[in-house]
Amino acid sequence: MIIEILIFPDEVLTGHNNRFIAHKVYGEHIVRAVYEYENEIPVLITVYFPYKNKYFKGGGVYEDKILARS
């Protein structure tokens, strides 16, 4: 599930301290996977399940894509 969220998110937003937040919608909730890069390698920081209406911007925003990095 976490790999799917990181590779195929509904949206990715920029967080604090050069971190990114990948969102995947599941009903009224989203899964938020917070990650950063360490020597160009993505490192997962935390995952949690808040209500969608609090954080989800509507999808289609990709401020980072893990597979697009080279």
State, with a plain yes or no, whether a side-chain heavy atom of [X] is found less than 4.5 Å away from one of [Y].
X	Y	value
I30	Y55	yes
L6	P42	no
H23	R32	yes

Between [X] and [Y], is there shared hydrophobic-cluster membership here, with clusters defined by ILVMFWY side-chain heavy atoms closer than 4.5 Å?
X	Y	answer
L67	I3	yes
Y37	V47	yes
Y48	L44	no
M1	V12	yes

*Between F49 and H29, does the ring centroid distance fall short of 6.0 Å?*
no

*Linked hydrophobic residues, L13 as query - side chain contacts closer than 4.5 Å*: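 Same cluster as L13: V61.
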
_What's the separation between atom CD in E63 and atom CD1 in I21, rounded to the nearest 0.5 Å?_
9.0 Å

_Minimum-distance pair of heavy atoms, taken over all atoms of I5 and A33_ =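 In this case the closest contact between I5 and A33 is CG2-CB, 4.0 Å.
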
For the side chain of [X] and the backbone of [Y], is there at least one donor-acceptor N/O pair under 3.5 Å apart?
X	Y	answer
Y62	D10	yes
E11	K57	yes
K24	F8	yes

*Evaluate whether atom OH of Y51 has more than 12 neighbouring non-hydrogen atoms of other residues, nucleotides or ligands under 6.0 angstrom away.*
no

_R19 with E36: basic N within carboxylate O range, under 4.0 Å_ =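 Judged by the 4.0 Å cut-off on N to carboxylate O distance, R19 and E36 do form a salt bridge.
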
*V34 and F20: side chain to side chain contact (heavy atoms under 4.5 Å, CB included), yes or no, with the steps?*
CA-CA 6 Å; V34 179; F20 295 97; over 6 Å; no

*asked:* Pair Y35, D64 - check side-chain hydrogen bond (donor to acceptor under 3.5 Å, both in side chains), show working.
replied: CA-CA 11 Å; Y35 65 96; D64 183 64; 2.7 Å; yes

